[in-house]
Amino acid sequence: MPELPEVETVCRGLRPVLEGHKITEVRKNRPDLRFPIPENFVSVLQGARVEHIGRRAKYILMRLDNGWNIGWHLGMSGRMVIDDITRPEEKHDHIVIANDEGKAVFFCDPRRFGYVFTVAEDEIEDCKHFAHLGPEPLGNAFHADYLEQALKGRKTPIKNALLDQRIVVGLGNIYVCEALYYAGIHPETPSKNLKRTHIDTLLPIIQDVLNKAIAAGGSSLKDYVQASGELGYFQHQFAVYGQEGEKCPNCSCDKSVERIVQSGRSSFYCPETQLRL
DNA sequence: CTTTCGTCCTGACTGC
DNA sequence: TGCAGTCAGGACGAAA
């Protein structure tokens, strides 16, 4: 599912098709995704020029030249496929937007966990979806002093804390599992048990895991396709995610990766490499 | 305030 | 071969 690196990759793939281009056609094939598609969605996009494609957390933000922005969340199974506007639609193509050169973005989302919203330029930070977001993990505001403060006194497991978008955005189940593995921290560790030294270790590892995934062009699971629509996107091999029963990749360890369920989500970890604090 | 849990959805997979 | 059941998971909102 798309986490920060995948969304970043989608943004990069969308830019050549949309930035600087006028939207000449908008097709909305159903009234709702996870939430209703806003009434003004089509009229806001129709005829507008896309000034910028940005990303905040796991949201794609399309800034238009008419004062509006389109916010876009890919949910679990959302894909952006770029092709000619003449391409026949596929079963779960819910939204199609075409540019002034006959190219189109097909938003395909079988599970419909994705959603779109419209927001005026000066209301972005205060809107429902953005108001409670924490700092970007690759930005200056995400530093050890901040994370120490954010985890202080909280007994919730570190796994859950890192998934909490109010603490830090962009991380999902995969990259949290991976970061905790490389940091050698057991996912059930109460957040408040992390000492400053652990935070100093963990924080740059989170950034490293994300940066490497971005560099790899976003990782690919079952239902993610790179925005360019091109073949050959990177098939990521994870250290622990989805590796239950496989040998821990740490060469000085002969244990196997185990799976537990935390708050209904699978956590993968090595019982020897990752310590309970 | 913090924390947990139900909800949304369909395709892939498992087991009988 | 068919069918029922389970699982995957992001974010919201309600409830404890």
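By convention in this document, chain letters (A, B, ...) are assigned in the order of the sequence lines, proteins followed by strands, and residues within each chain are numbered from 1.
Distances shown here put every side-chain N or O of Lys91(A) at or beyond 4.0 Å from the OP1 or OP2 atom of dT10(B). For the OP1/OP2 pair of dT3(B) and a distance below 4.0 Å, the side-chain nitrogens and oxygens of Arg154(A) include at least one atom meeting the criterion. Distances shorter than 4.0 Å separate some side-chain N or O of His73(A) from OP1 or OP2 on dA11(C). Under 4.0 angstrom from either OP1 or OP2 of dC12(C) there lies no side-chain N or O belonging to Lys128(A). Under 4.0 angstrom from either OP1 or OP2 of dC7(C) there lies no side-chain N or O belonging to Ser266(A). Taking only side-chain nitrogens and oxygens, Arg259(A) comes nearer than 4.0 Å to OP1 or OP2 of dA8(C).
Side-chain proximity of Phe35(A) to the nucleotides dC12(C), dG11(B), dC9(B) is greatest for dC12(C). Comparing dC12(C), dG11(B), dC9(B) by their closest approach to the side chain of Tyr115(A) singles out dC12(C). Listed nucleotides: dG10(C), dC12(C), dT3(B). Nearest to the side chain of Thr156(A): dT3(B). Each of dT10(B), dA11(C), dC12(C) was ranked by its minimum atom distance to the side chain of Gln165(A); first place goes to dA11(C).
Here dG10(C) presents its P atom at 12 Å from CG of Leu74(A), a figure rounded to the nearest Å. What separates CG of Asp32(A) from P of dC8(B) is a distance of 13 Å, to the nearest Å. Atom CZ in Arg79(A) sits roughly 11 Å away from atom P in dG11(B) (whole-Å rounding). Spacing between atom CZ of Arg111(A) and atom P of dG10(C) amounts to 11 Å, rounded to whole angstrom units. In this entry the distance linking OH of Tyr59(A) with C1' of dC12(C) reads 9 Å, nearest Å. If you measure from atom NE2 of His94(A) to atom C1' of dC9(B), you get 10 Å, rounded to the nearest angstrom. Met76(A) places its CE atom 16 Å from the P atom of dC12(C), with the value rounded to the nearest Å. The nearest whole Å value for the distance from the CG atom in Asp164(A) to the P atom in dC5(B) is 15 Å.
Using a 4.5 Å heavy-atom cutoff, the side chains of Tyr115(A) and Tyr59(A) are in contact. At a threshold of 4.5 Å between non-hydrogen side-chain atoms, the residues Leu33(A) and His94(A) count as touching.
Geometrically, Arg87(A) engages Phe106(A) in a cation-pi contact defined by less than 6.0 Å to the ring centre and at most 45° from the axis. For Lys212(A) and Tyr182(A), the positive end is not near the middle of the six-membered ring at less than 6.0 Å and at most 45° from its axis.
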Which pairs would a plain distance check flag for residues 148-158 of chain A, meaning a side-chain donor or acceptor within less than 3.5 Å of a matching protein atom at least two apart in sequence or in another chain?
unit_1, atom_1, unit_2, atom_2, d
Glu148(A), OE1, Arg196(A), NH1, 2.8

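The residue Arg112(A) sits close only to the backbone: its heavy atoms come under 4.0 Å of sugar-phosphate atoms, none of a base.
Both Arg34(A) and Pro157(A) lie near DNA chain B, and the one whose nearest nucleotide falls closer to the 5' end is Pro157(A).
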